[in-house]
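A short worksheet on the structure shown next.
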There are 2 protein chains.
Amino acid sequence: MKTEDHSFLKSETIENVSRIFKVLADPTRIKILYLLSQEECNVNHIAEVLEMSQSAVSHQLSMLRNLRLVKYRREGKTLFYSCDDEHVISLLKQAIDHAEHH
Amino acid sequence: MKTEDHSFLKSETIENVSRIFKVLADPTRIKILYLLSQEECNVNHIAEVLEMSQSAVSHQLSMLRNLRLVKYRREGKTLFYSCDDEHVISLLKQAIDHAEHH
DNA sequence: CATACATATGGACATATGCTCATATATAAT
DNA sequence: ATTATATATGAGCATATGTCCATATGTATG
């Protein structure tokens with residue numbers, strides 16, 4: 001196989017792929033996304049369930065929002081977050097499956 | 001849905017999932033793994049094709065070796081690396097697909 | 001308008017990560 | 001043994017990341 005025969009990835013593609021996996025590479029975000037894949041949650045609920053500070057959760061949600069991986073709806077003072085990217089959840093669940101069954 | 005109804009992830013699972021995605025989160029490793037998914041390569045070839053230093057490539061291969069994502073065979077002075085985890089390659093290719101077709 | 005509650009955000013700090021540089025190891029050939 | 005080639009590795013450094021702390025913003029209620 002010669003060098004010319006490679007199918008190279010566009011650097012834009014590489015950056016996007018990297019971005020997806022970076023999100024999924026942090027234990028906290030894994031927990032948040034997995035939780036949200038099961039049910040819509042408000043911020044304090046996430047913080048309590050995952051035993052994290054409100055601030056830490058909010059910072060992570062901010063990131064997930066910017067990347068369009070979660071969305072939210074408001075109900076009074078409360079924001080309910082939920083998943084907004086089925087494909088990323090699919091990647092996550094596959095990895096979980098793989099990790100659990102070794 | 002009550003807190004008790006959640007199916008929680010074991011912390012060991014979370015760590016393993018995180019480990020998988022951390023590997024895939026770096027552009028350099030994405031390129032290396034994608035290249036190796038196409039053909040078996042020796043270290044210098046990888047360095048040339050990806051325009052990286054031999055040292056940088058070798059460090060990354062060391063990591064990928066420790067995580068059993070790549071294997072190698074020796075031919076004289078030369079080491080030929082190839083992929084050794086089909087599941088991780090599958091995750092990578094899905095993400096590439098997703099990133100390319102937006 | 002004052003207060004309380006829910007969430008967001010900016011700055012600081014500690015840790016992790018990936019690269020470079022220099023050097024070590026391994027193998028082959030002379 | 002000496003030299004050349006291929007790869008590995010340790011130390012150091014610059015950048016990125018995730019959390020805490022303090023504070024700001026937004027919304028409802030009295």
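The structure presented is a predicted model; accordingly, all values stated were derived computationally and were not measured. Chain letters run A, B, ... following the sequence lines, proteins first, then strands; residues in each count from 1. Heavy atoms only: backbone and side chains are in, while hydrogens, waters and symmetry mates are out.
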Check the surroundings of atom OH in A:Y72: do more than 12 heavy atoms from other residues, nucleotides or ligands lie under 6.0 Å from it?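 No, not enclosed.
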Restricting to non-hydrogen atoms, name the atom on A:S37 and the atom on A:C83 that form the minimum distance, rounded to 0.1 Å.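 Taking every non-hydrogen atom into account, N-SG, 3.6 Å.
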Which pair of heavy atoms, one from A:K22 and one from B:A25, lies closest together, and at what distance?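 Scanning both residues, the minimum pair turns out to be NZ-O, 3.3 Å.
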I'd like to know if [X] reaches the base of [N] with its side chain, counting only an N/O donor and acceptor under 3.5 Å.
X: B:T28; N: C:dC19; value: no
X: B:Q54; N: D:dA8; value: yes
X: B:S55; N: D:dT9; value: yes
X: B:S53; N: C:dC21; value: no

Looking at NZ of B:K71 and CZ of B:R68, how far apart are the two atoms once the value is rounded to the nearest 0.5 Å?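 Answer for the NZ-CZ pair, B:K71 versus B:R68, is 13.0 Å.
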Round to the nearest Å and state the distance from [X] atom [atom1] to [N] atom [atom2].
X: A:K22; N: D:dT15; atom1: NZ; atom2: P; answer: 16 Å
X: A:Q60; N: D:dG18; atom1: CD; atom2: P; answer: 6 Å
X: B:H45; N: D:dA6; atom1: NE2; atom2: P; answer: 14 Å
X: B:I32; N: D:dT7; atom1: CD1; atom2: P; answer: 13 Å
X: A:L79; N: D:dT25; atom1: CG; atom2: P; answer: 17 Å
X: A:F21; N: C:dG18; atom1: CZ; atom2: P; answer: 15 Å
X: A:K77; N: C:dT3; atom1: NZ; atom2: C1'; answer: 10 Å
X: A:L61; N: D:dT19; atom1: CG; atom2: P; answer: 12 Å

Determine if A:H59 stacks with D:dT19; use a centre-to-centre distance below 5.5 Å and an interplanar angle below 30° as the criteria.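 Per 5.5 Å and 30° rule: no stacking.
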Quick check on DNA chain D: between A:A25 and B:N42, whose nearest nucleotide comes earlier from the 5' end?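 On the 5' side of the pair lies B:N42.
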Is there a donor-acceptor contact under 3.5 Å linking the side chains of A:R73 and A:Y81?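 Per modelled atom types, A:R73 and A:Y81 side chains form no pair under 3.5 Å.
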May I ask you to decide if B:C41's main-chain N or O and B:H45's side chain share a donor-acceptor pair within less than 3.5 Å?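 The answer is no, because no donor-acceptor pair under 3.5 Å joins these two groups.
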Between the main-chain N or O of B:Q94 and the side-chain N or O of B:H98, is there a donor-acceptor pair closer than 3.5 Å?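 Side chain of B:H98 to backbone of B:Q94, a donor-acceptor pair under 3.5 Å: no, none is there.
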Scan residues 63-76 of chain B against DNA chain D and write down, sorted by residue number, each residue with any heavy atom closer than 4.0 Å; if none is found, say none.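 Result for residues 63-76 of chain B: B:R65, sorted by number.
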Heavy atoms only, 4.0 Å cut-off, all strands: where does B:Y81 land among base, sugar-phosphate and nothing?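 Sugar-phosphate, backbone atoms only, no base.
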Using a cut-off of 4.0 Å on non-hydrogen atoms, how would the nucleic acid contact of A:S58 be classed: base, sugar-phosphate, or nothing?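 Touches a base.
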Phosphate contact (C:dT7 OP1 or OP2) by A:N44 side-chain N/O below 4.0 Å: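 Result: yes.
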